Amino acid sequence: MSKEKQRVGIEEFSESTGFQIVDQPVDDIDMIRQTSMSNDMDDEAFYICNISNIIQKHQLWKKCMPRVIPFYAVKCNDSPIVLQTLATLGTGFDCASKGEIAMVMNCGVAPQSIIYANPTKSVSHLKYARERGVSVMTVDNDYELHKIKQHYPDAKLVLRIRCDAKFTRWLPFGKKFGCDPDKEAEGLIKLAKSLDLNMIGISFHVGCGCMESSAYERAIQLSRKLFDFAASIDYNFTLLDIGGGFPGEIGTDIEEIASIVNRSIEMYFPSPNVDIIAEPGRYYVSSAFTLACRIHSMRKVYRNGKFDSFMYHINDGVFGSFINCLFDKSFAHPTTLKSENEELFKSIIWGQTAASIDQVCEDVLLPELDIGDFIIFQNMGAYTIPVATSFNGFPRSKVKFYIDRKHLNVINKICNIKVGI
Ligand SMILES: Cc1ncc(COP(=O)(O)O)c(C=O)c1O
């Protein structure tokens, strides 16, 4: 491929914003090919993030579920530019701690646009939320109600119930969070009332990577029953929080979940007096981030004197962007810059640390690669960057952002980014 062709669509780099600006949709792999040709390339792994992809996801969300206001789950990817982009687009935010509240408020987000959606809160974090005016928070047990009564009595409480989808990509939440909707919820609503607390609604999370869309319907129906119970003891619930669980990888869509959610809302919550929010994480960021790693070392593996496979050592790993590989051996899907027609060989991909568990792919088919070649991983935006460590002294992979020129108006508002508490 000629250099000219490889550069197609990539127009300019804006020093002021730190964004590469493109004039037409560009393939991530082409973008990495282009970046790899620049002279200032060092040998560290890097992400490229397509901000336009996040903007398009937001537009799609509004189209698919117009009544459901997204409160982006910061834990999923807390890159300041992602937060600032979403703040500019007008989403709310789901924060799990004092640090996340600070990050989001530093982007200029109003406290009313934040839900403190961690049902277990330590006192210092609770007090911080109070100082910053973040009053809406989830709760799922009596100890927490008493704690809130003591430290933030005028908080607005959302009772989190348990309603796990039958199939989820990750461990279900019900073991850790959410009260039993049949056996515990009414008791907790009554307790909140007796403590003179302000309970305003119900929340649930059917599970990350939900693969049973009807779980949303079950949970919305259960919520309706609890709204009715609350009304019977003079609580006026006004908030339903349908949590996260929406898929975000390339090739997935939210249409099936959206149609079930819309139908259920219509059936159980027709009144516009109830605000409906969600806490999508993965949906917004997964497909927007592609990680480009480089092979720094390699060797051939022989079995019984015969070539068996290639071993590649790359400059990221399970203590960095690939923590998910510790739980899910099929998490990482590598691809290369080589032609698809090349012969494929059994390959093992290792991370860069000295730890023996630092394995990214156990057994994948790849063309023959060399030291310095790229191995690329798409769909790397969710639960990667915030969980990465610098174990063994290896730096976390940095992000290069790019955006379609037609979305520049969003980015222009983002240039002045403040980071930290
Ligand atoms: C309370 C809460 N809300 C939202 C999310 C985001 O979930 P997802 O990325 O599946 O949308 C999580 C993920 O852990 C969560 O714990």
Side-chain angles (χ1 to χ4, degrees), residues 54 57-58 60-61 64-65 68-79 82-83 86 91-97 99-101 103-104 113-121 125 129 134 136-141 144 157-179 201-213 215-216 219 223 239-249 252-254 256-258 260-261 276-289 323-324 327-328 331 379-387:
I54 296 176
K57 288 273 182 79
H58 183 60
L60 187 64
W61 179 284
C64 287
M65 286 183 279
V68 184
I69 304 162
F71 277 54
Y72 171 69
V74 176
K75 58 183 79 68
C76 189
N77 185 322
D78 58 3
S79 301
V82 169
L83 301 184
L86 291 170
T91 71
F93 291 87
D94 148 15
C95 296
S97 65
E100 287 188 357
I101 291 172
M103 268 190 258
V104 165
S113 297
I114 296 174
I115 179 165
Y116 186 179
N118 185 342
T120 54
K121 297 164 278 297
H125 292 237
V134 174
V136 179
M137 58 189 66
T138 59
V139 60
D140 68 0
N141 69 73
E144 202 70 10
L157 306 182
V158 183
L159 184 67
R160 176 149 164 194
I161 59 168
R162 182 185 315 158
C163 185
D164 289 332
K166 292 196 183 101
F167 313 102
T168 49
R169 222 173 126 197
W170 309 107
L171 284 179
F173 275 114
K175 226 172 153 184
K176 187 171 181 185
F177 294 122
C179 65
I202 300 290
S203 84
F204 57 83
H205 192 312
V206 295
C208 280
C210 170
M211 293 190 291
E212 191 225 353
S213 307
Y216 289 91
S223 303
L239 184 72
L240 173 68
D241 173 3
I242 67 168
F246 309 89
E249 289 76 19
T252 60
D253 66 61
I254 52 166
E256 185 189 327
I257 293 180
I260 289 178
V261 165
I276 319 264
I277 68 169
E279 299 164 0
R282 177 182 308 280
Y283 168 75
Y284 270 99
V285 287
S286 187
S287 59
F289 285 71
I323 190 173
N324 288 293
F327 320 107
D328 179 359
F331 169 80
N379 296 314
M380 286 294 287
Y383 306 105
T384 51
I385 288 172
V387 278

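What you see is a predicted model, and the numbers here were worked out from it, not measured in a lab. Note that ligands are numbered from 1 as they come in the structure, with each ligand's atoms numbered from 1 the same way.
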Counting only heavy atoms, which portion of R160 has something under 4.0 Å from ligand 1: side chain, backbone, both, or neither? side chain
Can A382 be said to touch ligand 1, with heavy atoms closer than 4.0 Å? no
Give the contacting part of T138 toward ligand 1: side chain, backbone, both or neither, where contact means a heavy-atom distance below 4.0 Å. neither
Identity and separation of the nearest protein heavy atom to atom 3 (N) of ligand 1: E279 OE1, 2.6 Å
Give me the nearest non-hydrogen protein atom to atom 5 (C) of ligand 1 as residue plus atom name, then the distance to 0.1 Å. H205 NE2, 3.3 Å
Quick look: A73 vs ligand 1, heavy-atom contacts under 4.0 Å, and the answer is side chain
Numbered in order shown, the ligand 1 atoms found under 4.0 Å of a heavy atom of R282 are 8 (P), 9 (O), 11 (O)
Checking K75 against Y383: charged group under 6.0 Å from the ring centre and within 45 degrees of the axis? no
Taking distance alone, with no angle check, do Y283 and ligand 1 share an N/O pair under 3.5 Å? no
Can you find a pair of side-chain heavy atoms, one from D241 and one from H205, that are under 4.5 Å apart? no
Starting from atom 15 (C) of ligand 1, find the nearest protein heavy-atom neighbour and note its residue, name and distance. K75 NZ, 3.4 Å
Work out whether the distance between some heavy atom of P280 and some atom of ligand 1 is less than 4.0 Å. yes
For atom 13 (C) of ligand 1, the closest protein heavy atom turns out to be Y383 OH, 3.2 Å
Identity and distance of the protein heavy atom lying nearest atom 16 (O) of ligand 1: F173 CZ, 3.5 Å
